[in-house]
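Input: a single structure, listed below in C-alpha cells.
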Amino acid sequence: QLQVVESGGGLVQPGGSLRLSCAASGFSLGSYAIAWFRQAPGKEREGVSCISSRGSTTYGDSVRGRFTISRDNAKNSVFLQMHRLKPDDTGDYYCAADSTLPCWALIRNTEKDGSDYWGQGTQVTISS
C-alpha cells in the first residue's frame, strides 16, 4: 500500500520537545518534497514546514527557530524535531508528499487532495 504514516505525537509540557516521524511505505521518498501541516481544534489547517527533495527547508513564521525538519532517505523518512513547545502548537500533525510541487507551493497547499500522499496524522498536545 502506498502511503505515508506519521508517528511520535504525544502529551508534552510547555517548553518540552517532541520528534515527529513521517515514514513512506510502498514508494521512495527521495524524489518527493515533504511538508508538515497541523490543525488545532476549531482552527484552519496550516503549513508548518517543508523539505525539498534536495534538502532545502521552509518554515512557517510561528515555528521558525524552534522546529527543524530533516530527511533520511535511507530510512525513507522525514522528521520534525520540535523544541520549546507552546500550548499553541497543540493539534493534529500531518505529513504530505508531492513529486511536483516545490516547497513554497506545497506548504501553502493545505487541502488533503492537493498532494500525492497525505497521512492520517499524529496528535500533539502541549499542556501542563
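Below, all heavy atoms of this structure are taken into account, side chains as well, without hydrogens, waters or symmetry copies. Just so it is clear, the model here is predicted, and its values are computed rather than measured.
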ask   = In Å and rounded to the nearest 0.5 Å, what is the OG to CD distance from S17 to Q81?
value = 6.0 Å

key: Over 12 non-hydrogen atoms of neighbours within 6.0 angstrom of CD in Q3   = yes

remark   = One should read off an interatomic distance between Y117 OH and C22 SG, to the nearest 0.5 angstrom, of 12.0 Å

remark   = Rounded to the nearest 0.5 angstrom, the CD1-CE distance for I69 and M82 is 11.5 Å

key: R19: partners by salt bridge (Lys or Arg N to Asp or Glu O under 4.0 Å), with sequence neighbours left out   = none

task = Please answer whether the main-chain N or O of C103 pairs with a side-chain N or O of S52 as donor and acceptor at a distance below 3.5 Å.
result = no

message = Holding to salt bridge (Lys or Arg N to Asp or Glu O under 4.0 Å), I want the full list of residues that pass it with D61, two or more places apart in sequence or in another chain.
response = R64

key: Atom pair OG1 (T100) and CG (D116), whose distance is rounded to the nearest 0.5 Å   = 6.0 Å

task = May I ask you to check whether F67 and W36 place their ring centers less than 6.0 Å from one another?
result = no

N/O donor-acceptor pairs under 3.5 Å from side chains in residues 85-96, not counting sequence neighbours:
residue	atom	partner	partner atom	Å
D89	OD1	R38	NH1	2.8
D89	OD1	R66	NH2	3.0
D89	OD2	R66	NH1	2.7
D89	OD2	R66	NH2	3.4
D89	OD2	K86	N	2.8
T90	OG1	P87	O	2.9
T90	OG1	I126	N	2.9
Y93	OH	R38	NH1	2.9
Y93	OH	D89	O	2.6

task = Kindly compute the distance separating CG (L80) from CD1 (I51), expressed to the nearest 0.5 Å.
result = 10.5 Å

Donor-acceptor under 3.5 Å (N76 side chain, F27 main chain) = yes

query = Are V5 and L20 connected in a single hydrophobic cluster, I mean Ile/Leu/Val/Met/Phe/Trp/Tyr linked by side-chain heavy atoms less than 4.5 Å apart?
reply = no

message = When you measure from the side chain of D98 to the backbone of A33, do you find a donor-acceptor pair of N or O atoms at a distance under 3.5 Å?
response = no

task = Name all pairs fulfilling the salt bridge (Lys or Arg N to Asp or Glu O under 4.0 Å) condition that reach into residues 68-81, sequence neighbours left out, sorted by first residue then second.
result = none

query = Going from SG on C50 to CH2 on W104, what distance comes out if it is rounded to the nearest 0.5 angstrom?
reply = 11.5 Å

key: Residues forming a side chain to side chain donor-acceptor pair (under 3.5 Å) with Q39, sequence neighbours excluded   = R45

query = Residues two or more places apart in sequence or in another chain: which of them pass salt bridge (Lys or Arg N to Asp or Glu O under 4.0 Å) with E6?
reply = none

